[in-house]
Amino acid sequence: MKLEENQIFNNYFKNLSDRERAVFEGGITMGALFHQFVGAPISSKNKEIMEKSIEESMKNQPCVEDIWVEILGAPENDKYISLSGEMLNVKLKIKINNTLAVLKLKYIKELDYPLMYVEEIL
């Protein structure tokens with residue numbers, strides 16, 4: 001049984017609407033992703049593997065419906081660099097009952113900041 005299907009688990013969130021809960025779960029997942037993987041060595045050899053690894057590990061977080069990760073700017077050849085927030089382009093879908101929250105993480109040049117935000121709630 002998935003954690004989010006456990007009534008004891010859900011009792012801790014009964015004070016939230018489905019929309020609030022979806023945004024909460026999305027924020028937790030984005031924070032975990034960012035702080036777990038920033039600094040990992042990235043090269044052209046492991047870029048796709050790292051994207052899939054991030055996706056699969058974040059699918060273990062409660063309420064994750066789907067996630068898509070793109071790493072931008074990995075070097076060519078055998079060189080590697082450390083993954084930075086500026087390199088992450090992420091789209092995350094969190095589902096709570098009939099509510100779907102879509103969250104994004106992407107670098108916003110005008111802010112010079114890798115921004116996590118709610119794109120939409122359906």
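Residue numbers run from 1 in the order of the sequence given. If you're wondering where the values come from, they're calculated on a predicted model, not measured in any experiment.
Contact between E120 and L122 at its shortest, heavy atoms only, is OE1-CD2, 3.4 Å. The minimum heavy-atom distance between I71 and E51, with the atom names listed, is N-OE2, 2.8 Å. Shown here for I81 and P75, the closest heavy-atom pair between the two residues is CG1-CD, 3.6 Å. The minimum heavy-atom distance linking M58 with T29 is given by the pair SD-O, 3.7 Å. Smallest separation of non-hydrogen atoms from A22 and I94: O-CG2, 3.6 Å.
For N46 (side chain) and Y80 (main-chain N/O), no donor-acceptor pair under 3.5 Å exists by modelled atom type. Although no hydrogens or angles enter the test, the distance criterion places no donor-acceptor pair under 3.5 Å between the side chain of E65 and the main chain of K95. At distances below 3.5 Å, at least one donor-acceptor pair connects side-chain atoms of E20 with backbone N or O atoms of S17. Side-chain N or O atoms of E4 include none that pairs as donor or acceptor with a backbone N or O of P62 at under 3.5 Å.
The number of heavy atoms from other shown groups lying within 6.0 Å of CD (E76) does not exceed 12. Within a 6.0 Å sphere centred on NZ of K79, heavy atoms belonging to other residues, nucleotides or ligands number 12 at most.
Distance check, rounded to the nearest 0.5 Å: CD1 of I67 to CE of M30 gives 6.5 Å. Once rounded to the nearest 0.5 Å, the distance linking CD1 of I42 with OG of S84 reads 9.5 Å. Between the CD1 atom of I54 and the CD1 atom of I49 there is a distance of 12.0 Å, given to the nearest 0.5 Å.
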Please list, one pair per line, the donor and acceptor atoms closer than 3.5 Å that link side chains of residues 98-118 to other protein atoms, with sequence neighbours excluded.
| from | atom 1 | to | atom 2 | distance (Å) |
| --- | --- | --- | --- | --- |
| Y107 | OH | D112 | OD1 | 2.4 |

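Proximity of L88 to L33: side-chain heavy atoms (C-beta onward) are separated by under 4.5 Å at one or more points.
Cluster annotation: I28 and V90 are assigned to distinct hydrophobic clusters (Ile/Leu/Val/Met/Phe/Trp/Tyr, side-chain heavy-atom contacts under 4.5 Å, transitive). Both L3 and Y12 are part of a single hydrophobic cluster, where members link through side-chain heavy atoms under 4.5 Å apart.
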Begin with the C-alpha distance, continue with both residues' side-chain angles, and end with the deciding distance and a verdict on side chain to side chain contact (heavy atoms under 4.5 Å, CB included) for D18 and R21. CA-CA 5 Å; D18 288 351; R21 174 86 187 279; 5.5 Å; no
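Salt bridge present: K91 and E119 bring a charged side-chain N and a carboxylate O closer than 4.0 Å. Of the charged side-chain nitrogens involved, none lies within less than 4.0 Å of a carboxylate oxygen, so that K52 and E48 do not count as a salt-bridged pair.
The stretch residues 24-64 participates, sequence neighbours left out, in these ring-ring contact (aromatic ring centres under 6.0 Å, His included) pairs: F13-F24.
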